[in-house]
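What follows is a short report on a single structure.
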Amino acid sequence: MKMTSPVVGGIAQSKQGRDKGRYYLIVGIEQGGLIALTDGNFKKLASPKKKNIKHLYLLPEKAETIALKLIEGKQVFDTEIYSALKNYNYPKPDGSDAAGNENKQA
């Protein structure tokens, strides 16, 4: 199920560009359809990546604790964001995907 509108703390996947397939956390929504994104590793919270919403696939999942901190203006660390996205960007080599489903090969 695809989300239609971005929310702070939501998870998005890049559909185009050099970072195609990479997962990010939404940390801000700007005018003109630009979304501020961070992954806690390559794109830090101090300098988020700005990407057009048309180039993102919005997932229904949300990092609730980080979203709450961002909305309240509390300090969020890049390590928290990295940990929240670790299962998406670096799936386990045992054959399971980000959602924990087994990938069966015939």
Side-chain angles (χ1 to χ4, degrees):
M1 180 168 119
K2 182 181 177 187
M3 298 272 302
T4 56
S5 61
V7 292
V8 173
I11 298 173
Q13 183 182 24
S14 174
K15 290 196 290 188
Q16 290 185 343
R18 277 188 250 190
D19 61 345
K20 182 178 180 180
R22 187 141 190 88
Y23 291 90
Y24 292 97
L25 186 79
I26 299 172
V27 293
I29 302 163
E30 300 181 8
Q31 295 292 336
L34 290 178
I35 309 296
L37 305 163
T38 182
D39 66 358
N41 189 17
F42 298 111
K43 276 310 207 178
K44 306 285 185 179
L45 192 57
S47 60
K49 180 178 192 67
K50 292 181 178 128
K51 204 159 178 82
N52 192 318
I53 192 167
K54 294 187 291 186
H55 299 161
L56 294 172
Y57 177 75
L58 303 174
L59 276 67
E61 290 90 16
K62 184 177 177 182
E64 295 288 340
T65 55
I66 298 173
L68 189 60
K69 282 183 171 184
L70 287 169
I71 292 168
E72 291 177 351
K74 294 183 179 177
Q75 187 174 15
V76 178
F77 296 99
D78 288 315
T79 54
E80 292 177 86
I81 297 169
Y82 177 79
S83 294
L85 296 174
K86 191 173 184 179
N87 290 335
Y88 293 95
N89 284 324
Y90 306 103
K92 294 180 182 173
D94 64 356
S96 61
D97 62 7
N101 300 325
E102 292 293 324
N103 293 331
K104 296 178 183 166
Q105 297 186 8

field: Identified side-chain contact (heavy atoms from CB on, under 4.5 Å) partner of Y24 from the options I11, N89, I35, L37
entry: L37
Taking all atoms of both residues into account, what is the closest heavy-atom pair of [X] and [Y], and its distance?
| X | Y | answer |
| --- | --- | --- |
| G9 | A67 | CA-CB, 3.7 Å |
| L85 | Y23 | CD1-O, 3.9 Å |
| A84 | I66 | CB-CD1, 3.8 Å |
| Y88 | E61 | OH-CG, 3.5 Å |

message: I need the full list of ring-ring contact (aromatic ring centres under 6.0 Å, His included) pairs touching residues 64-87, with sequence neighbours left out, sorted by first then second residue.
response: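 Residue pairs with at least one partner in residues 64-87: Y82-Y90.
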Salt bridge (Lys or Arg N to Asp or Glu O under 4.0 Å) contacts touching residues 76-89 (sequence neighbours left out): K69-E80
Rounded to the nearest 0.5 Å, what separation is found between the [atom1] atom of [X] and the [atom2] atom of [Y]?
| X | Y | atom1 | atom2 | value |
| --- | --- | --- | --- | --- |
| L56 | K15 | CG | NZ | 8.0 Å |
| R22 | K43 | CZ | NZ | 11.5 Å |
| D39 | L45 | CG | CG | 11.0 Å |

- prompt: Are the charged groups of D19 and K51 less than 4.0 angstrom apart, N to O?
  reply: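 Salt bridge flag = yes for K51 with D19.
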Between side-chain atoms of residues 26-34 and protein atoms elsewhere (two or more places apart, or another chain), which donor-acceptor pairs fall under 3.5 Å?
none

- request: Using modelled atom types only, decide if a donor and an acceptor are shared between the side chain of T38 and the backbone of L25 within a distance under 3.5 Å.
  value: no
